[in-house]
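Accompanying notes for the structure given below.
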Amino acid sequence: QVQLVESGGGSVQTGGSLKLACEITGYAACLAWFRQAPGKEREILSTMSTGGRTAYYADSVKGRFTVSQENGGRTLYLGMNNLKPEDTAMYYCASSRRAVDTWCTPGPTWSPEYMSWGQGTQVTVSS
């Protein structure tokens, strides 16, 4: 049974920074951060194997967000800089027990049957 617990969300002004953390227990091959804004579909932001190779950033966050991990993949972080109002969303940590490729890229690795989710942490960016 995989458990993921996020922390670090909050409210900031445009241009501010936040760092999210996710504590993971149980087996995971791949780790990722997603977000979902009201009325929008859930969006994958970044993926990383538990071996620590950064695989993917969505264009919407590339250059502003940085994913990292510690403790052999037991803690996953998302550093967020230059935040914009459009970054306002619920942010979720997720894991997959199946790595289709070594880079954990979006695709079959992230099929629902392989995934576990955290409860989410809210990020609100005001203008």
Side-chain angles (χ1 to χ4, degrees):
Q1 186 77 12
V2 180
Q3 292 187 323
L4 305 101
V5 180
E6 302 97 334
S7 61
S11 297
V12 297
Q13 292 187 329
T14 298
S17 300
L18 285 172
K19 188 172 185 177
L20 308 182
C22 176
E23 300 292 335
I24 302 145
T25 56
Y27 174 74
C30 296
L31 303 172
W33 287 100
F34 289 74
R35 70 183 178 190
Q36 188 168 20
K40 295 188 177 181
E41 293 188 356
R42 194 167 291 188
E43 174 188 15
I44 189 167
L45 302 178
S46 183
T47 66
M48 173 179 274
S49 73
T50 52
R53 295 176 180 174
T54 303
Y56 170 84
Y57 287 100
D59 288 343
S60 56
V61 303
K62 198 174 295 182
R64 300 188 298 123
F65 289 12
T66 303
V67 65
S68 60
Q69 62 177 270
E70 289 182 346
N71 304 319
R74 293 302 167 198
T75 307
L76 184 71
Y77 298 101
L78 185 68
M80 305 184 293
N81 296 318
N82 191 23
L83 283 161
K84 305 174 182 180
E86 53 263 42
D87 294 317
T88 295
M90 186 70 78
Y91 284 69
Y92 297 91
C93 176
S95 69
S96 174
R97 60 183 172 85
R98 182 185 183 218
V100 174
D101 59 72
T102 58
W103 300 97
C104 297
T105 52
T109 291
W110 301 100
S111 296
E113 63 267 35
Y114 304 124
M115 293 184 66
S116 297
W117 293 93
Q119 82 286 353
T121 186
Q122 178 68 36
V123 171
T124 302
V125 185
S126 58
S127 57

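What's counted below: heavy atoms across the whole structure, side chains too, no hydrogens, waters or symmetry copies. One is the number of the first residue; the rest follow in order along the sequence.
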Spatial distance of atom [atom1] ([X]) from atom [atom2] ([Y]) [nearest 0.5 Å]:
X	Y	atom1	atom2	answer
Thr109	Arg97	OG1	CZ	12.0 Å
Asn71	Glu23	CG	CD	7.5 Å
Ser68	Leu76	OG	CG	7.0 Å
Gln119	Glu6	CD	CD	4.5 Å
Trp110	Ser96	CH2	OG	5.5 Å

Report the C-alpha separation of Phe34 and Trp117 in whole Å, then their side-chain angles, then the decisive distance to 0.1 Å, and conclude whether the ring-ring contact (aromatic ring centres under 6.0 Å, His included) test is met.
CA-CA 10 Å; Phe34 289 74; Trp117 293 93; 4.7 Å; yes
Linking I/L/V/M/F/W/Y whenever their side-chain heavy atoms sit closer than 4.5 Å, directly or via other members, would [X] and [Y] fall into one cluster?
X	Y	value
Met80	Met48	yes
Val100	Val2	no
Tyr57	Leu31	yes
Ile24	Val67	yes

Taking C-beta and beyond as the side chain, do Gln122 and Thr88 meet within less than 4.5 Å on heavy atoms?
yes
Provide the full list of ring pair (Phe, Tyr, Trp, His ring centres under 6.0 Å) pairs with a residue in residues 71-103, sequence neighbours left out, each pair given once.
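Applying ring pair (Phe, Tyr, Trp, His ring centres under 6.0 Å) to every pair that reaches into residues 71-103, excluding sequence neighbours, yields nothing.
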Any sub-3.5 Å donor-acceptor pair from Ser49's side-chain atoms to Gly51's backbone N or O?
yes
When you measure from the side chain of Thr47 to the backbone N and O of Ala32, does any donor-acceptor pair fall under 3.5 Å?
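Flag not set: sc Thr47 to bb Ala32 has no pair under 3.5 Å.
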Is there a side chain to side chain contact (heavy atoms under 4.5 Å, CB included) between Ser116 and Leu4 once you walk through the steps?
CA-CA 8 Å; Ser116 297; Leu4 305 101; 3.6 Å; yes
Salt bridge (Lys or Arg N to Asp or Glu O under 4.0 Å) with Arg98: which residues, sequence neighbours excluded?
none
Between Lys62 and Asp59, is there a salt bridge with N-O shorter than 4.0 Å?
yes
Only distances under 3.5 Å count here; give the side-chain donor-acceptor pairs of residues 39-46 to other protein atoms, sequence neighbours excluded, each with its distance to 0.1 Å.
| from | atom 1 | to | atom 2 | distance (Å) |
| --- | --- | --- | --- | --- |
| Arg42 | NE | Gln36 | OE1 | 3.4 |
| Arg42 | NH2 | Gln36 | OE1 | 3.4 |
| Glu43 | OE1 | Arg35 | NE | 2.9 |
| Glu43 | OE1 | Arg35 | NH2 | 3.4 |
| Glu43 | OE2 | Ser60 | OG | 2.8 |
| Ser46 | OG | Tyr56 | O | 2.9 |

What residues form a side chain to side chain donor-acceptor pair (under 3.5 Å) with Thr105, not counting sequence neighbours?
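Thr105 satisfies side chain to side chain donor-acceptor pair (under 3.5 Å) with Asp101 only.
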Side chain to side chain contact (heavy atoms under 4.5 Å, CB included) evaluation trace for Trp33 with Val61:
CA-CA 11 Å; Trp33 287 100; Val61 303; over 6 Å; no
Quiz: residues 8-20 side-chain donor-acceptor pairs under 3.5 angstrom, not counting sequence neighbours:
| from | atom 1 | to | atom 2 | distance (Å) |
| --- | --- | --- | --- | --- |
| Thr14 | OG1 | Ser126 | O | 3.0 |
| Ser17 | OG | Asn81 | OD1 | 2.9 |

Quick note, disulfide (SG to SG under 2.5 Å) partners involving residues 73-111, not counting sequence neighbours, are Cys22-Cys93, Cys30-Cys104
